[in-house]
Amino acid sequence: MQRCDTLIQARWCIPVEPDRLVLERQGIAVTDGRIVAIEPLRAMHDRFDPGVVVDRPSHLLIPGLINAHTHAAMTLFRGLAEELPLERWLREGIWPHEKKWVSAEMVRDGSKHAIVEMLKGGVTCFSDQYFFPEVVAESAIDLHMRAMIGTPMMDFATPWAENADEYLSKATDLVHDPYADHPLVSSCFAPHSTDALSDDSGRKLRILADQLDRRVQIHLHETTTEITNTMKERGTRPLTRLTELGLVNSSLMAVHAVHMTHEEMRQFSAVGVSVTHCPGSNLKLASGIAPVQAMLDAGINVALGTDGAASNNVLDMLGEMRTAALLGKVQAQDAAAIPASTALRMATLNGAKALGLDDNIGSIETGKSADLTCIDLNRINSQPVYDPTAQLVYSCNREQISDVWIGGRHLLDNGSLTHVDEDEILQRSVEWQQRIAAV
Ligand SMILES: [Zn+2]
């Protein structure tokens with residue numbers, strides 16, 4: 001008999017790779033944080049002597065969900081700027097509050113709130129873009145969450161940096177140091193958008209991203225206003241400008257990509273750009289509907305993100321999968337567009353590819369990190385189960401998520417967080433609300 005740390009016994013398992021496979025009555029053996037075997041239960045019992053057995057007889061096991069774009073700390077601004085289009089939402093609703101309230105303390109409390117919300121919703125990795133990224137990283141490490149930390153870059157002063165040079169040098173310090181080989185945290189550059197990036201900063205950014213081999217995450221073609229303004233000011237579309245700056249390559253994570261020409265899609269596909277689709281935020285800010293099926297057909301890797309809680313207003317990847325599948329059908333005028341299996345792939349393996357982490361996470365495969373999420377399908381809204389993938393995407397809600405493991409560590413056990421005082425985090429958020437609302 002072979003020892004393993006944990007044996008997870010689940011009624012169904014969707015490994016995501018191979019595509020569309022649904023396994024029944026499987027065992028997943030985990031040792032030293034890694035998946036060491038995926039086999040029918042009977043074979044597992046003959047082969048393994050597990051330290052712990054986790055029996056989930058009415059549950060579906062999937063790879064941990066990857067939220068490929070968010071601004072975690074903005075949970076503290078949830079509900080603060082409502083019913084506005086993107087540009088007014090930013091200028092009137094968000095930036096004045098960020099100027100006043102953003103600090104290391106605010107980012108720590110807001111990020112921890114977001115991480116707890118995401119963990120309870122089955123998310124095991126997120127890609128962030130916010131000020132004080134070093135504090136986001138510490139918060140993720142503290143709560144044993146996997147994260148890619150985006151270092152922000154803008155053209156104007158914020159509580160984190162005074163000017164373009166300071167953003168660049170702080171970003172470079174963070175990207176260089178201390179997370180180079182961290183098991184949970186990696187980093188990337190995250191300029192806000194092309195209109196907040198000068199030519200000089202763009203050129204310096206390209207050199208640094210090449211030298212350090214890091215990804216660049218940027219909001220791109222989110223609204224028609226963004227495109228019209230750049231056309232007026234510079235005579236080109238934002239993507240053309242980014243191309244001229246040398247930033248359109250396989251390291252680019254283009255967030256939103258709502259308004260895309262066929263030629264632009266071909267360009268993304270040819271050079272290997274990943275798109276992060278954020279349908280909830282696009283709907284709420286009335287930004288538009290991204291042509292996701294067309295992008296997938298063009299061969300583009302499309303991941304899924306919630307965006308921040310101030311424009312969504314939940315960090316709910318199950319909900320985001322459902323929205324992506326439904327919206328994708330309407331956009332393509334085809335009920336077969338973005339099937340449930342594709343929505344799940346976008347929320348897992350495609351996210352891992354976008355972040356450059358697909359060697360380690362994104363699917364349930366031997367040798368990969370045990371980043372896993374378990375959902376109880378035995379609920380009134382998700383029985384009977386003919387098609388577990390369809391139930392997951394079209395019928396389940398995140399309250400059905402029972403278990404989450406990251407790197408083999410059991411963080412959510414039968415609905416209870418094992419390592420966080422949730423009440424304390426909630427209390428801090430209530431205090432922030434009182435402080436912000438009092439002004
Ligand atoms: Zn965003």
Side-chain angles (χ1 to χ4, degrees), residues 2-10 13 15-16 26-38 44 48-56 59-67 72 108 111-128 136-149 178-179 181-186 315 317 347-349 351-352 355 357-376 398 400-422 424-425:
Q2 193 180 332
R3 281 288 297 174
C4 72
D5 295 338
T6 307
L7 176 62
I8 305 165
Q9 308 183 156
C13 173
V16 172
Q26 293 288 300
I28 284 84
V30 175
T31 289
D32 295 333
R34 302 219 156 255
I35 298 163
V36 293
I38 310 149
M44 290 300 245
F48 283 102
D49 173 22
V52 177
V53 175
V54 179
D55 191 27
R56 296 292 181 257
H59 299 58
L60 165 64
L61 193 71
I62 58 171
L65 300 170
I66 297 174
N67 185 355
R108 180 172 297 110
S111 297
K112 286 192 169 182
H113 184 135
I115 290 167
V116 168
E117 181 181 354
M118 287 192 277
L119 280 174
K120 291 182 82 178
V123 173
T124 56
C125 177
F126 70 103
S127 175
D128 199 64
V136 184
E138 284 164 21
S139 306
I141 292 166
D142 237 26
L143 300 185
H144 201 78
M145 177 61 130
R146 197 179 299 284
M148 174 172 271
I149 307 301
Y179 311 113
D181 299 308
H182 197 280
L184 289 173
V185 169
S186 52
L315 308 181
M317 285 294 288
T348 52
L349 193 54
L355 273 56
L357 299 175
D358 50 313
D359 282 349
N360 193 35
I361 57 170
S363 55
I364 302 179
E365 292 181 81
T366 304
K368 281 198 173 182
S369 179
D371 288 20
L372 303 163
T373 288
C374 202
I375 302 111
D376 187 2
R398 62 177 167 171
Q400 290 171 253
I401 289 167
S402 58
D403 297 83
V404 168
W405 291 261
I406 297 179
R409 189 167 158 193
H410 203 176
L411 302 173
L412 186 73
D413 183 354
N414 220 357
S416 298
L417 288 166
T418 59
H419 69 314
V420 186
D421 184 346
E422 188 179 340
E424 188 189 316
I425 286 171

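Throughout, numbering of the chain's residues begins at 1 and tracks the sequence.
- The side chain to side chain donor-acceptor pair (under 3.5 Å) check on D55 picks up Q9, with sequence neighbours excluded.
- Qualifying side-chain contact (heavy atoms from CB on, under 4.5 Å) partners for D181, counting only residues two or more places apart in sequence or in other chains: none.
- When all heavy atoms of A352 and G362 are compared, the closest pair comes out as CB-CA, 3.9 Å.
- Separation of atoms CD1 (I364) and SG (C13) is listed at 4.0 Å; rounding is to 0.5 Å.
- Proximity of I62 to I375: side-chain heavy atoms (C-beta onward) are separated by under 4.5 Å at one or more points.
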In a table with atom names and distances, give each donor-acceptor pair under 3.5 Å that connects a side chain of residues 404-412 to protein atoms at least two apart or in another chain.
from : atom 1 : to   : atom 2 : distance (Å)
H410 : NE2    : D403 : OD2    : 2.8
H410 : NE2    : L412 : O      : 3.2

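- Counting only heavy atoms from C-beta outward, the side chains of I149 and V185 approach each other to under 4.5 Å.
- Residues L143 and L119 approach most closely at O-CD1, 4.3 Å, considering heavy atoms.
- Evaluation of the side chain to side chain donor-acceptor pair (under 3.5 Å) rule for N67 yields T306 as partners, not counting sequence neighbours.
- Here salt bridge (Lys or Arg N to Asp or Glu O under 4.0 Å) pairs that include residues 359-373, with residues two or more places apart or in two chains, are R146-D371, E365-K368.
- Remark: F126 CZ to L355 CG distance equals 10.5 Å, nearest 0.5 Å.
- Panel note: side chain T373, backbone G122; a donor-acceptor pair is recorded below 3.5 Å.
- Going from atom OG of S416 over to atom NZ of K120 covers 8.5 Å, rounded to the nearest 0.5 Å.
- Between S369 and R34 there is a side-chain heavy-atom pair separated by less than 4.5 Å.
- The two residues A370 and I35 have their closest heavy-atom pair at CA-CG1, 3.9 Å.
- Counting heavy atoms from C-beta outward, L372 and L61 have side chains that approach closer than 4.5 Å.
- At distances below 3.5 Å, at least one donor-acceptor pair connects side-chain atoms of D128 with backbone N or O atoms of A72.
- Every residue was checked against the side chain to side chain donor-acceptor pair (under 3.5 Å) condition with D5, not counting sequence neighbours, and none meets it.
- When the side chain to side chain donor-acceptor pair (under 3.5 Å) test is applied to E117, the partners found at least two apart in sequence or on another chain are R78, R398.
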**Item:** Steps toward side chain to side chain contact (heavy atoms under 4.5 Å, CB included) verdict (L7, V52)
**Value:** CA-CA 6 Å; L7 176 62; V52 177; over 6 Å; no
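- In this view, A347 and L65, L304, M317, M321 satisfy the side-chain contact (heavy atoms from CB on, under 4.5 Å) rule, not counting sequence neighbours.
- Here the side chains of P50 and C4 are in contact, with some heavy-atom distance below 4.5 Å.
- For the atom pair K112 NZ and E422 CD, the distance stands at 14.0 Å (nearest 0.5 Å).
- Residues passing the side-chain contact (heavy atoms from CB on, under 4.5 Å) test with E138 are R108, sequence neighbours excluded.
- When the side-chain contact (heavy atoms from CB on, under 4.5 Å) test is applied to D376, the partners found at least two apart in sequence or on another chain are S58, H59, N378, R379.
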**Request:** Test side chain to side chain contact (heavy atoms under 4.5 Å, CB included) on I8 and C374 and set out the steps.
**Result:** CA-CA 10 Å; I8 305 165; C374 202; 5.5 Å; no
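- When side chains are defined from C-beta on, I66 counts as touching I361, because their heavy atoms get closer than 4.5 Å.
- The salt bridge (Lys or Arg N to Asp or Glu O under 4.0 Å) test applied to D49 returns R3, not counting sequence neighbours.
- Looking at every heavy atom in both residues, T124 comes nearest to G64 through OG1-CA, 3.2 Å.
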